[in-house]
Amino acid sequence: MKSMNSTDGKGKKRIFILLGMVMMLCYFAIFGVIWLLMTTSSQELRQVMMTGFAALFVCTFLLMGAGLTFLVIGLLRRSASPVVQKIGRNIVDFFYPMTMWVGRLFGVSKEEIEDSYIKINNQMTVSQDRKYRPEEILILAPHCLQNTNCPHKITIDVQNCHRCGKCSVAGLLDIAEETGVNLVVASGGTFARKLAKEYQPKAIVAIACERDLTSGIKDMNAQHIPVVGVLNERPNGPCYNTTVQICKVRQALAEFIE
Ligand code: SF4
């Protein structure tokens, strides 16, 4: 089985790093413009202000550079120290809104950046190399995986699924049964958060689209619950008869299970 750490979307992870670097350059360029504007005056007070501004900008620039370095170290080394991991993760979350902004400026789609964020999160989670008992792990699946013609109420209890094989839910149930992990199907983000609270898992394998995975991962990170995200596939468009590659869910689970 290939490790998610080494092969899953190497190029996509670079998007986030590159946009972070571009953002730093933009930041420096803005500073240059302000500097030029201020140097047109020769008053003493303005010089003091300029020095203050320069110190502030340079410090922030160095902090951002250090943060990006920690992030890259965290991504390159599978067993990077928890401190490096924590700083890297905080930097990712800190950069996220700005990265979105810079990405839009350079024509990088929101989905690509979200995808990159998910890949980075997955690698950082996997790098922690923490293992859990099956009952401490929760597979959180979206309701849109269920075949729309299915009459069974699987959001109330996933065991109501008759495993006819017309959608991915049957495969997920097989995994849950084989491994002993918990499986729930949520009808939306709010319900998913409610279920996560109810089950109190120590680790989550979440299946969803880019947008829902990104917001879910951020929420769970804030609660210090590690998440590995698996993207669903949308051959019929968003939120309708979606599917997931069962082997990818197994692969994600293998990173957590002891
Ligand atoms: S696999 Fe389960 S959830 Fe999917 S259509 Fe069949 S019975 Fe319904």
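Residue numbers run from 1 in the order of the sequence given. Ligands are counted one by one from 1 in listed order, and the atoms in each one are counted from 1 as well.
- Between the side chain of Thr125 and the backbone N or O of Val228 there is no donor-acceptor pair closer than 3.5 Å.
- With respect to Glu111 and Arg234, a salt bridge is recorded, a charged nitrogen being found less than 4.0 Å from a carboxylate O.
- Under a 3.5 Å cut-off, the side chain of Arg250 and the backbone N or O of Ile246 do not form any donor-acceptor pair.
- For the salt bridge (Lys or Arg N to Asp or Glu O under 4.0 Å) test, residues two or more places apart in sequence or in another chain that qualify with Asp174 are Arg163.
- Using bins of under 30°, 30° to 60° and over 60° for the plane-to-plane angle, the ring pair Phe256/Tyr132 lands in the perpendicular bin.
- For the pair Gln146 (side chain) and His152 (backbone), a donor-acceptor distance under 3.5 Å is present.
- Protein N/O/S atoms found under 2.8 Å from atom 4 (Fe) of ligand 1, listed by chain and residue number: Cys167 SG.
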